[in-house]
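Only one structure is covered here, and it is reproduced in the block below.
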Amino acid sequence: DAKTTQPNSMESNEEEPVHLPCNHSTISGTDYIHWYRQLPSQGPEYVIHGLTSNVNNRMASLAIAEDRKSSTLILHRATLRDAAVYYCILRDNSGYALNFGKGTSLLVTP
Amino acid sequence: GAVVSQHPSRVICKSGTSVKIECRSLDFQATTMFWYRQFPKKSLMLMATSNEGSKATYEQGVEKDKFLINHASLTLSTLTVTSAHPEDSSFYICSARGVGLQGAEAFFGQGTRLTVV
């Protein structure tokens, strides 16, 4: 699997936007960019995924660079409940297991 | 979205005993289930992949005789930690992939925290 690089941790104030970066310079043409997050003592949950175009859903937005070598997960208004570890994962649609890296630990302060 | 349920959410057992963890897909049929292990402040590590009705495929370094996986039906997979030792204490998480589910997202259970004393 192609590797992703994320900052170990980030901090945000409540109700402010958060931009979580991910570098994936060795991404292949068939790799989708997936984001999952894991709240403390829980299993991961899906956030968003995309291939080439920017994507929006009720949880977040995903901005993908034109060369696809990086992407940014955008939380438009951080809440305390968004404090979690965010994982950026590359995967094709073969259905194999997700390989988790270290992720970014997001701290949200009131 | 689809729901994956794990049971129990936490368990404490004595060293040398066996513990069974169940993973159920509640509203879809899971042709494939994945088992992960997560140590404190570490990321999830894939242990094995199980397909309904066939033997599980284990990742390198995971003992198949210690971590028994059974995927006998399309809605249930079990992980049994045999002869548990304190070093097996960890957070175990299952994930399921189903037939005909829309989208590319994976669904995870809530995890089982195993403590071996």
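Since this is a predicted model, take the numbers as computed values, not measurements. Here is how names work: the chains are called A, B, and so on, in the same order as the sequence lines, proteins then strands, and each is numbered from 1.
Within the structure, disulfide bond (SG atoms under 2.5 Å apart) contacts touching residues 28-73 of chain A (residues at least two apart or in different chains) do not occur. Evaluation of the salt bridge (Lys or Arg N to Asp or Glu O under 4.0 Å) test over residues 50-72 of chain B, restricted to residues two or more places apart or in two chains, returns B:Lys66-B:Asp88.
Within 6.0 Å of atom CD in A:Glu66, 12 or fewer heavy atoms from other residues, nucleotides or ligands are found, so the atom counts as exposed in its surroundings. Within a 6.0 Å sphere centred on CE of B:Met45, other residues, nucleotides and ligands contribute 12 heavy atoms or fewer. Within 6.0 Å of the CD1 atom in B:Ile12, the count of heavy atoms belonging to other residues, nucleotides or ligands does not exceed 12.
The closest donor-acceptor contact from the side chain of A:Arg68 to the backbone of A:Leu51 lies under 3.5 Å. A distance-only check finds no donor-acceptor pair linking the side chain of A:Ser70 to the backbone of A:Cys22 [under 3.5 Å].
Of the two parts of B:Gln38, only the side chain, counted from C-beta on, holds a non-hydrogen atom closer than 4.5 Å to a non-hydrogen atom of chain A.
Within residues 103-110 of chain A, no residue has any heavy atom closer than 4.5 Å to a heavy atom of chain B. Chain B is approached within less than 4.5 Å, heavy atom to heavy atom, by no residue from residues 10-19 of chain A.
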| task | Test A:Tyr86 against A:Arg37 for side-chain hydrogen bond (donor to acceptor under 3.5 Å, both in side chains), laying out the working first. | result | CA-CA 4 Å; A:Tyr86 287 79; A:Arg37 72 179 186 180; 3.1 Å; yes
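Proximity of A:Leu98 to B:Tyr36: side-chain heavy atoms (C-beta onward) are separated by under 4.5 Å at one or more points. Using a 4.5 Å heavy-atom threshold, the side chains of B:Thr31 and B:Leu74 count as touching.
Of the listed residues B:Lys41, B:Arg113, B:Gln110, the one with more heavy-atom pairs under 4.5 angstrom with chain A than any other is B:Gln110. Each of B:Ile93, B:Leu44, B:Val4 has some count of heavy-atom pairs under 4.5 Å with chain A, and the biggest count is that of B:Leu44.
Of all heavy-atom pairs between B:Val3 and B:Phe28, the closest is O-CE2, 3.7 Å.
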